[in-house]
Number of protein chains: 2
Amino acid sequence: MTSTRTTVAGNGRAATLSDVAREAGVSLATASRAINGSTNRSVRADLRERVLGAAARLNYSPNANAQAMARGKTATLGLIVHDIADPFFSTIAAGVTEAADTAGLAVTLANTQHDAEREVGFIQTLQNLRARSIIVVGGRQDDDEANQRLREALAAYQERGGAAAMVGQPILGVKAVHVDNRGASAALARALHGQGYRRFAVLGGPERHLTAAERRGGFCAALAELGAPVAAEAIIPSPFVRDGGHEAMVELMRRELDVEVVFAVNDVMALGAMTAAREAGLVLPRDMAFAGFDDIFALRDVTPTLTTVRIDMVEIGRQATALALGDGEAPDLVTVTGEVVLRESTPAR
Amino acid sequence: MTSTRTTVAGNGRAATLSDVAREAGVSLATASRAINGSTNRSVRADLRERVLGAAARLNYSPNANAQAMARGKTATLGLIVHDIADPFFSTIAAGVTEAADTAGLAVTLANTQHDAEREVGFIQTLQNLRARSIIVVGGRQDDDEANQRLREALAAYQERGGAAAMVGQPILGVKAVHVDNRGASAALARALHGQGYRRFAVLGGPERHLTAAERRGGFCAALAELGAPVAAEAIIPSPFVRDGGHEAMVELMRRELDVEVVFAVNDVMALGAMTAAREAGLVLPRDMAFAGFDDIFALRDVTPTLTTVRIDMVEIGRQATALALGDGEAPDLVTVTGEVVLRESTPAR
DNA sequence: TTGTATGCGTTATCAG
DNA sequence: CTGATAACGCATACAA
C-alpha cells in the first residue's frame, strides 16, 4: 500500500537515486554509475538507457550534499569581496564566475561590506561548507592583528585540504594575483610629468591600506626622482571609496595649494573628486587635471575622459580562479602589470 | 596504535563531531546538542563547556553538507543574475547578500551572461544543491518557450519544497518584486513634457524585452495622451546594455530626425548614448537632452547629471530576499514605484 | 559488468 | 538530561 506509487515524484519528496534504481530495475550502484559514468564508464548501454530514462521520468535531481559526503569534496568555490556593488569587485566577480562556471563549480559569494572581521567569519562559513577553494579579493590593511587572524583562518582551511588564493598583497600565505601598483603608479607619474605637469596632489586613500600605499608610494617616489616631489600636505588620506575621493578633494581645495593635477588612487575616488571639483565651480580639465587607477568600465562614459592605469579585472578574476583551482603547477604569485592610459582629463601643458 | 592521537586535528583530516565527543568524554548526541543548542537547550552546563572546549581545541568545523543531509535542508540561497558586472545587478546583489547574511544564509551566485538558457541550468544546479530558496533577477523576454521552460524548472523546484522569488515581471509563477515601469516611465514623460519638450526619441532596448517594453510603452502612451506622440522611426531598438545604448544613438543620429530629448530605457544605455552623441560633436545638454532609468550609483559623477527614474535597487534586493524567505505572510507581488528625478541633462526649454 | 555492503558526519528518535 | 542508534542520499571497495 505504501510502495505502489513509483512513477510520480510525489508531492514534496524528491526522488532519490534508490527510487531511480528501483524504477529502472537495477541496483543502486549501477544507477549511480550510469548517472555519472565517472572515470570508468562501465555500465552496459541498455542498462544505462533504462537508468537515464527512469531518472528523467522521476525528475531525479542528484543531491549535491549527499555527493559531497560520499565523495569527500564539493564543487563549491567561495568568493569573498569587500563590496559587490563596487565596479572593481563586481568586474572581478564576473571573471571568477565565468572561470568557475567552465570548471563546473558553484560560486558562493560573501560580501564583507568593508568589514575585515567578517572576512574571517566567511572563511569559517566556507570551511563549514567544505568549499573546494576560496578566493579573497581586496587590498589588505597594514594591521598585523587582523592579517594574522586571516592568515590563521586561511592556514587552517588549507590544512584541511582547501585551496585558497587572493587578489591583493601576497601576505596571507596563499597564492595571489597582485597588481604591480608601485610600478604602474610610477609609470603614471612619469607620463604625467612628461605631459608637462609639475605640481601634484594625491588623494591617497586610507593610511594603512596597502594598495593605496603602494600606489601613493610608487607615484610619489617617481616624482621625487624627477625632481617634482609631492608636498606632504598635498597628500590627502580618505576612505578607498567614491565618497572618500569626494571628501578628500573638498579637503584639498580647502587647503588652497597650488596644484595642477590630482591623482586619486582608484577610479571611483577620482570620479568622486571630479564631482567635488565641479561642485566648487572648477572647469575640467582646464582648471584641474585628474588621474585615477583601475580603468573601470564606467570610465567609458565620463567627461572629460579619465586618465588612468588600466588593469584587466575580468582577467584578474580568471587568474585568481586558476590559482585557486591549482590548474597545473600554478605559480604562487601572478603579478599583473597596469597600462597607463592618457586621456582628456590630463591634457599636455 | 591508530586511535591514540586525539588532541591534534591532524594533517588534512578535519575533526568530526565524534572526535569532539570522544575528546570531551560525552556521547555523539550530547556533543551535537551542546554545539548548536537548537530549540531546546537541554545539556548540563559543565558538559556543554567540556564539549565547547574540546571543539575549540580540535578546531572543529561542522560539516554543513552533513548537516544538510541530517536536517533535510540547507542554509543556501541561490541568486541568478544576467550580468554581475552590470551596476543594476551588482547593486541588487548587494541588497540580497546583506539580507541573506542577516538571515544566516550563504549566497550562491549564478551569472548567466544574458543567456536565458543558462538560467534553467543554474536552477537545476541550485536544485541539486538543495538551496533553500532561489532569486531570479532580471527582466523577462517575450519568449513563451523560454519562459515556459523556466516556469517549469521553478515549479519543479518549488514542488520539492524550495521557495523562489524574482525581480521582474511576475510571469513565472513565483513571488515577485516588480518595478512599475509603465507608471514611472509615464511620469517621466509627463515631467519632460512639463519641462517644455515636445520632440522625443526612445532608445527602446530589445523588442521582446518586457522591462524595455513596459518602459517604452508607458513613456510613449503618456506622450500620446499629451498630444506629443513619439514617431515610430524615433524608437530605436537595441540590446539592453551600455553598448546597445551607444549603437542605438548612432542609429538615431543617422536618421537625422528632429529630436529634442532622448529617453533610453535604462541608465547604462543612456550613458552610452550620451557618449555617442558627444563623439558626433554634440554638446550636452545644449544640443540634445537625455533621460535614463534606474538611477545607478555611477550617475552621481556624470556630467551633465542625468535625469532618470530612481529605484532603490539595494532595497529591491532586500525585498526579493524577504519574499524568497517567506518572511511572515509575504505577499505574492511587491510593486516598487520609481521616482522621477529631473537633473541637468533635461533643462527646461 | 553488476550487485552488496559500508561509510561519509549530523540530526533526531527513542529508550534509559 | 544523556546515550544508543537509525536515518539522510550517494559513492565506492569488494565480492560475485
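Naming convention: chains lettered A, B, ... in sequence-line order (proteins, then strands); numbering from 1 in each chain. These values consider heavy atoms only, across backbone and side chains, with no hydrogens, waters or symmetry-generated copies.
- In this structure, the side chain of T97(B) engages the main chain of A93(B) through a donor-acceptor pair within 3.5 Å.
- Annotation: the terminal axes of the helix from dT1(C)-dA16(D) to dG16(C)-dC1(D) meet at 40°, where each axis is the rotation carrying the C1' atoms of four end pairs onto the next four (5 pairs per end, rounded to 10°).
- Here the P atom of nucleotide dA4(D) and the CZ atom of R22(B) are 13 Å apart, to the nearest Å.
- Place N65(A) and L28(B) on DNA chain D by their nearest nucleotides, and L28(B) ends up nearer the 5' end.
- Nearest heavy atoms, I135(B) versus A324(B): CG1-CB, 3.7 Å.
- Atoms CG (L129(A)) and C1' (dT10(C)) sit 15 Å apart, rounded to a whole Å.
- Taking the side chain of A66(A) as heavy atoms from C-beta on, and the options dT11(C), dC10(D), dA11(D), the nearest nucleotide is dC10(D).
- Contact check, S32(A) against dC10(D): no side-chain N or O comes under 4.0 Å of OP1 or OP2.
- Note: CG (N128(A)) to P (dC8(C)) measures 19 Å, nearest angstrom.
- Atom OG1 of T74(A) is separated from atom CZ of R132(A) by 6.5 Å, given to the nearest 0.5 angstrom.
- Contact between the side-chain N/O atoms of T30(B) and the OP1/OP2 oxygens of dG3(D) is found at a separation under 4.0 Å.
- Contact annotation: the side chain of R140(B) approaches that of L172(B) to within less than 4.5 Å [non-hydrogen atoms, C-beta and beyond].
- One interatomic measurement links the two molecules: CZ of R130(B) to P of dC10(D), which rounds to 7 Å at whole-angstrom precision.
- Within 4.0 Å (heavy atoms only), L47(B) reaches sugar-phosphate atoms of the nucleic acid but no base atom.
- Nearest nucleotide to the A70(A) side chain, out of dT1(C), dC10(D), dT12(D): dC10(D).
- Between the E23(A) side chain and the A54(A) main chain, no donor and acceptor come within less than 3.5 Å of each other.
- Using a 4.0 Å cut-off, some side-chain N or O of R71(B) falls inside it from OP1 or OP2 of dT11(C).
- For the pair N63(B) CG and dG9(D) P, the computed distance is 16 Å after rounding to whole Å.
- Closest approach of A110(B) to F122(B), counting heavy atoms only: CB-CG, 3.3 Å.
- For the residue pair R160(B) and S61(A), no side-chain donor N or O sits within less than 3.5 Å of a side-chain acceptor on the partner.
- Counting to the nearest Å, the C1' atom of dT12(D) and the CD1 atom of I35(A) are 16 Å from each other.
- Between N36(B) and the phosphate of dT11(C), there is a side-chain N or O to OP1/OP2 separation shorter than 4.0 Å.
- Ring planes of H114(B) and F89(B): perpendicular class, angle over 60° (limits at 30 and 60°).
- Candidate nucleotides dT1(C), dT4(C), dT10(C) were compared by shortest atom distance to the side chain of S27(A), and dT4(C) ranks first.
- As rounded to whole Å, 13 Å separates atom C1' of dG3(D) from atom CZ of R44(B).
- Picking from dT2(D), dG9(D), dT2(C) the nucleotide with the shortest atom distance to the side chain of T16(A) gives dG9(D).
- Between the side chain of R33(A) and the base of dG3(C) there is at least one donor-acceptor pair of N/O atoms closer than 3.5 Å.
- Closest to the V43(B) side chain, of the nucleotides dG3(C), dC10(D), dT2(D), is dT2(D).
- In this model, the phosphate group of dC10(D) is not approached by any side-chain N or O of Q67(A) to a distance below 4.0 Å at OP1 or OP2.
- Comparing dG3(D), dG9(D), dT11(C) against the side chain of M69(B) picks out dG9(D) as the nearest.
- Distance from the side chain of A29(B) is smallest to dG3(D) among dG3(D), dT10(C), dT2(D).
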